[in-house]
Undergrad: 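I have a structure I would like to understand better, so I am pasting it below and will then ask my questions one at a time.
The model shown is predicted, which means the values in this text are computed figures rather than measured ones.
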Amino acid sequence: DVQLQASGGGLVQAGGSLRLSCAASGFTFDHYAIGWFRQAPGKEREGVSCVSSRDGITYYADSVKGRFTISSDNAKNTIYLQMNSLKPEDTAVYYCTVEYTYMPNSGNYYCINGGMDYWGKGTQVTVSS
């Protein structure tokens, strides 16, 4: 079974930084889309940043472009989300998620449309003003 373990959330002041980590295990397929979603209280879950393993193309939501960076360490089976210049509106529970797929540019597709099969427990990010 695929397991995703997210960590790194916390409380930070506006303008600060956090780095989220997601340790993945149980992969049996080489091609997938993997990334981060978030859900704030009273709001729908939204795709923040995703990447396609097939071509490395990344997706970022407009609200985080230029501030967040997704990366991976394949040796550790871990992906990261570096979050800089945090704003109070970034406050949410952040989830790591993965979908097996051959689709090129799949990160873009799944971050926008959702539908990923595997989800980790979220990690809370709170940004104070």
Undergrad: Under the salt bridge (charged side-chain N to carboxylate O under 4.0 Å, His left out) test, which residues partner D1, sequence neighbours left out?
TA: none
Undergrad: Give the table of side-chain donor-acceptor pairs shorter than 3.5 Å for residues 46-54, with sequence neighbours excluded, one pair per line with atom names and distance.
TA:
from : atom 1 : to   : atom 2 : distance (Å)
E46  : OE2    : R38  : NE     : 2.7
E46  : OE2    : R38  : NH2    : 3.1
S49  : OG     : Y59  : O      : 3.0
S52  : OG     : R54  : N      : 3.4
S52  : OG     : D55  : OD1    : 3.0
S52  : OG     : S106 : OG     : 3.3
S53  : OG     : D30  : O      : 3.3
S53  : OG     : Y32  : N      : 2.8
S53  : OG     : Y32  : O      : 3.1
R54  : NH1    : Y102 : O      : 2.5

Undergrad: How long is the gap from OG1 on T78 to CG on L20, to the nearest 0.5 Å?
TA: 12.5 Å
Undergrad: Taking atom types as modelled and ignoring hydrogens, do the side chains of T126 and Q124 form a donor-acceptor contact shorter than 3.5 angstrom?
TA: yes
Undergrad: Do Y95 and M83 land in one hydrophobic cluster if side-chain heavy atoms of ILVMFWY residues count as linked below 4.5 Å?
TA: no
Undergrad: More than 12 foreign heavy atoms under 6.0 Å from CD of E89: is that the case here?
TA: yes
Undergrad: Mind checking whether W119 and F37 have parallel, tilted or perpendicular rings, split at 30° and 60°?
TA: perpendicular
Undergrad: Show the nearest heavy-atom pair for residues A24 and L4, with the distance to one decimal.
TA: CB-CD2, 3.6 Å
Undergrad: I'd like to know whether OH of Y109 has more than 12 heavy-atom contacts from other residues, nucleotides or ligands below 6.0 angstrom.
TA: no
Undergrad: Transitive ILVMFWY cluster of Y80 at side-chain heavy atoms under 4.5 Å: who else is in it?
TA: none
Undergrad: According to the side chain to side chain donor-acceptor pair (under 3.5 Å) rule, which pairs have a member within residues 9-23, sequence neighbours left out?
TA: S17-N84
Undergrad: Strictly distance-based, threshold 3.5 Å: is any side-chain N or O of T97 a donor or acceptor partner for the main-chain N or O of Y118?
TA: yes
Undergrad: Could you pull out the closest heavy-atom pair between N74 and S72, with the gap in Å?
TA: OD1-OG, 3.7 Å
Undergrad: Nearest 0.5 angstrom please: T123 OG1 to L81 CG, how far?
TA: 11.0 Å
Undergrad: If hydrophobic clusters are built by linking Ile, Leu, Val, Met, Phe, Trp and Tyr wherever their side-chain heavy atoms come under 4.5 Å apart, do V12 and V64 end up in the same one?
TA: yes
Undergrad: Find out if a path of hydrophobic residues (ILVMFWY) with successive side-chain heavy-atom gaps under 4.5 Å connects Y100 to I34.
TA: yes
Undergrad: Can you name the residues that form a salt bridge (charged side-chain N to carboxylate O under 4.0 Å, His left out) with K43, not counting sequence neighbours?
TA: none
Undergrad: Hydrophobic clustering (ILVMFWY, side-chain heavy atoms < 4.5 Å, transitive) - are Y60 and V127 grouped together?
TA: yes
Undergrad: Spell out, yes or no, whether V98 and Y94 are grouped together once hydrophobic residues are joined by side-chain heavy atoms under 4.5 Å, including indirect joins.
TA: yes
Undergrad: Between C96 and I79, what is the shortest heavy-atom contact and its length?
TA: SG-CD1, 4.0 Å
Undergrad: With a 6.0 Å cut-off (strictly less than), is the heavy-atom count around CD of Q5, excluding the residue itself, greater than 12?
TA: no
Undergrad: Just how far is it from atom CG of N77 to atom SG of C22, taken to the nearest 0.5 Å?
TA: 10.0 Å
Undergrad: How many angstroms lie between atom NE2 of H31 and atom CE of M103, to the nearest 0.5 angstrom?
TA: 13.0 Å
Undergrad: Test: salt bridge (Lys or Arg N to Asp or Glu O under 4.0 Å). Region: residues 58-87. Which pairs qualify, not counting sequence neighbours?
TA: D62-K65, R67-D90
